[in-house]
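Have a look at the structure below, then the notes.
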2 protein chains.
Amino acid sequence: MVKMIDVAKLANVSTATVSRVLRNPESVKETTREKVLRSIAELNYQPNVLARHFRRSKTNTILVIVPNIENTIFSQMVQGIEAAAAQNNFRVLLGNTNRNVDKEYDFLNLLRQRQVDGMILLSGKIDNQTLNELVEQYPVVLVSEYLEGVDITTVCIDNVTCGRIAAEHLIKLGHKRIAHISGSKGTLLSRDRLIGYLQAITHSGLKLDDRLIREGDFSFESGYKQMQELLRLENRPTAVFASSDEMAMGVIKATKDQGLKVPGELAVVGFDNIRFSSIFDPGITTVAQPAIEMGNTSMELLLQHLNDPSFQHKKIMLKSELVIRESCGWNVKGKVE
Amino acid sequence: MVKMIDVAKLANVSTATVSRVLRNPESVKETTREKVLRSIAELNYQPNVLARHFRRSKTNTILVIVPNIENTIFSQMVQGIEAAAAQNNFRVLLGNTNRNVDKEYDFLNLLRQRQVDGMILLSGKIDNQTLNELVEQYPVVLVSEYLEGVDITTVCIDNVTCGRIAAEHLIKLGHKRIAHISGSKGTLLSRDRLIGYLQAITHSGLKLDDRLIREGDFSFESGYKQMQELLRLENRPTAVFASSDEMAMGVIKATKDQGLKVPGELAVVGFDNIRFSSIFDPGITTVAQPAIEMGNTSMELLLQHLNDPSFQHKKIMLKSELVIRESCGWNVKGKVE
DNA sequence: ATGAAAGCGCTAACAA
DNA sequence: TTGTTAGCGCTTTCAT
C-alpha cells in the first residue's frame, strides 16, 4: 500500500505538504502543488480514509433512522437524503428499525461513538430526554414527524392545513357524511390531520359524528378493517379521508368487496401521494407529501449544521398540495390550493 | 473522553488486558475480567471505534449498491440485508445509483479505500473486467441478477423455470394467444424468463408469434405502452405474462382503459410479488421472488466470506412459487409449484 | 510556503 | 495469563 510518506519522498517534500495539497491546496505554492500531484498520480496514491477518520474524528457519514425502508414514503425520503448526501461527498448509513424502539436506541450509539457525524430521524419514538441530550451534542434533523418539548431542526408539512384541505375537498363535492381514518394517534402528525378535518367539518356547518372518526395505523390492513366497521353503520359515510394512501386503498378495497363502487358510492381522499396511488384503480385523490424534497432538505440542513457549529435550529415547512385523481369522481376541476 | 488507558489504570491492568476483555474475553482470567468490566462501567467507557477501524483496517460496514431504493423489490432486498447485517453487528451503507453507471463506479472506491469490508450488488452494470478484479480482492455478492464470465458469489432464482411456470399457468387456463412483455433484454434474467416462456409455448404445441413478444423495462409505464401496442394487433392476445408486477399493472390499466375486463377479457401474470400486487385490483397472479430472503441470504454469504478468506464462490438458487390471485380468473385452484 | 514531529486510541506481536 | 511497546497513516501545531 503506497502511503503519504512515499508520495512525499518522490516529490521531495514533507508529508505535511502532501496533506496540504489534499486538504487545502491553496496553501501550497503552485509549482510544489503540481509536483505533489504528479507524484500522487505516478504512484496511484489513495489516501487511507480510515486513518483520516480516526485523526479527524469525522467520517463524512450520516445515519438515517427509518421505521421501515420497504415503505414507499420512507424509501422516497431516503432517496432524497442519499442524493443530497452523495452530492456533498457524504455517505448514508441505513438504520432500519422495523418500528422496534430498542433498535432505534441502539443506532444512537453510532452517533455517540462518532461513527457518524450526524443523524436524520424519520421516526419519533425516542423519548424527549434522550433526544434533547442528543440534539445538544450532535447534529440531528427530524423529518415528517415533529415533537413538542424538543428543540430540534425539523422538516415537515402543515398537517393541519392538509387535513383541512382534504376534508374541504370532499365537502365541496357535496358530501355530508365524511369519515376520517387517522394514523396512530400517538403521532402529532396524525392528530394535526384530524384537527384539520375537524376544522373543515365544523366551519362548514356539517354535523360532527364521532362514529365517523376512526384510528388506523397507516397500513392497508388497518384501512380495510376500519372501513368494514364504517360500512356497518346504519347511516354509512359517503366519503372518507384516510391519513395515508395505503389506508385509502384498504378503504376502497373494503368498499368494493361490499359490492359498492368507488367513485360513485364512496369518495376517498388519501395522503402521501406514493407512486402506487396513481397506479391504483381508481387513481387516488391525495394530499401530496413532497417526500424526496423533504429528504433533500433535511440532508441540506444537516450539512449546514455540520459545517457551522453555531447553527440555530430551524423548523422548515414544505408545501404540499391536493392531487386530484379519480377516487372522488370529477365534480371538481384542477388543483386545489 | 475517557479512553482505554484510563480504564486500565483504574483496574490496575494494562491496556492490552482491557483490549482483550473487549475483543476476546475468554483469554482473560475471570477475576481480572470482572475488575476491568467494573472499571469500564464506572467510567462509562466507550471504545473509540474510529481508532479501532483504523488499527484493524476493518469497519464492520458493508455497501449495498442498489439501482433505486424507491423500487419496492429493491427496498425489500435491502430490508433483508439490513436485518441480517444488524444481527451480526454490521452496518449497511447505502449506495443508490439511480441507474447511473458512473455513480456505481464511484461507490466501488469505498471498497478500495477499505471504507467498507464488502459489497452486495443489486445491479449488474459494472463491466466484467472491473468486477473480476474487485471480486479477487474483496468479498462481493451479486443478488437477483447474474453474469456470465465473472466468478462471483450469486443469490438468485431460477428465472427460466419461473418464466416457464408463469406461461404454463396461462396455457393450463386454456389460453392460446399468450403475450410476453420482458424486462430489458440487456439483463440475463430477462432473457431467461423469456426462454422459459418460449419453452412453455413450444412444448405445449402452441404457435409462436413474434408479435406477441415485446420488450419493456420493468416499469409501469413500459407495461402500459407495450400493452397498448398489443391491443392494436388485429388478433390480440387473451393473456399476458409480464416480467414484473409493475408492468403487469400497466398491462391491466391499458386494457381497462380500452374498456376491456381483467380478468375476463385478459388474463395477466406478473413477476416479483411486491406488496402492492396483492393490494392492486384485481390482485395479481405473480411469480413470487423471495426478496427479503434473497437479501438475508446474500448478507449471510458475505459474512461467511468476510470471516473465511478461503471462502469459495457459491451460486445459491432460491425457491420461488406462483401466487394465484384474481388477475387470471379462478379456473385453476391452489398453488402451482 | 514548508518541514519536523507529536500524537490520535487502539491492537497485537512478543516477552515475561 | 498479563504486560510492554511499536506502530497503524494521517493531520496539525509550531517553528523556520
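Letters A, B, ... mirror the listed sequences (proteins, then strands); counts begin at 1. The figures here come from the full heavy-atom set of this structure, side chains too, leaving out hydrogens, waters and symmetry mates.
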Practice problem: Assess the side chains of B/Asp127 and B/Thr130: does a donor N or O sit below 3.5 Å from an acceptor N or O? | Solution: yes
Exercise. Measure the distance from CG on B/Asn60 to P on C/dC10 and round it to the nearest whole Å.
Key: 16 Å
Quiz prompt | Given C/dC10, D/dC10, D/dT11, the nucleotide with the shortest approach to the side chain of A/Pro47 | solution = D/dC10
Quiz item: Can you tell me how far P of C/dG9 sits from NZ of B/Lys9, to the nearest Å?
Solution: 12 Å
Practice problem: Establish, with yes or no, whether the OP1 or OP2 oxygen of D/dT11 is under 4.0 angstrom from a side-chain nitrogen or oxygen of A/Arg52. | Solution: yes
Quiz prompt | Length of the CZ-C1' vector between A/Arg114 and C/dC8, whole Å | solution = 14 Å
Quiz prompt | d(CD1, A/Ile5; P, C/dA5) in whole Å | solution = 12 Å
Exercise. List for me each residue that meets ring-ring contact (aromatic ring centres under 6.0 Å, His included) alongside B/Phe54, sequence neighbours excluded, and say none if there are none.
Key: A/Phe54
Quiz item: Looking for any heavy atom pair under 4.0 Å, which part of the strands does B/Val28 touch: base, sugar-phosphate only, or nothing?
Solution: sugar-phosphate
Quiz prompt | Partners passing side chain to side chain donor-acceptor pair (under 3.5 Å) against A/Tyr45 (at least two apart in sequence or in another chain) | solution = none
Exercise. Not counting sequence neighbours, which residues clear side chain to side chain donor-acceptor pair (under 3.5 Å) with A/Asn109? List them please.
Key: A/Arg112
Quiz item: Expressed in angstrom and rounded to an integer, what is the separation of B/Arg23 atom CZ from C/dA13 atom P?
Solution: 12 Å
Quiz item: Between B/Lys35 (NZ) and D/dT1 (P), how many Å, whole number?
Solution: 14 Å
Quiz item: If you measure only the distance, is there a donor-acceptor pair under 3.5 Å linking the side chains of A/Gln79 and B/Asn98?
Solution: yes
Self-check item: Rounded distance (Å) that lies between atom P of C/dC10 and atom CE of B/Met1
Solution: 10 Å
Quiz item: A/Asn307: what forms a side chain to side chain donor-acceptor pair (under 3.5 Å) with it, not counting sequence neighbours?
Solution: none
Quiz item: Among residues 36-43 of chain B, which residues get a heavy atom nearer than 4.0 Å to DNA chain D?
Solution: none
Quiz prompt | Partner set under side chain to side chain donor-acceptor pair (under 3.5 Å) for B/Thr59, not counting sequence neighbours | solution = B/Asp117
Quiz item: Which residues pass the salt bridge (Lys or Arg N to Asp or Glu O under 4.0 Å) test with A/Arg275, sequence neighbours left out?
Solution: B/Glu221, B/Glu246
Quiz item: If the sugar-phosphate is the primed atoms plus P, OP1 and OP2 and the base is the rest, what is the B/S/- string for nucleotides 3-8 of chain D, using protein heavy atoms under 4.0 Å?
Solution: BBB-BB
Quiz item: Would you say a side-chain N or O of A/Tyr45 is under 4.0 Å from OP1 or OP2 of D/dC10?
Solution: yes
Exercise. Can you sort out the partners of A/Tyr105 under ring-ring contact (aromatic ring centres under 6.0 Å, His included), two or more places apart, ordered by chain and number?
Key: none
Exercise. Find the distance B/Asn24:CG to C/dA12:P and express it as a whole number of Å.
Key: 9 Å
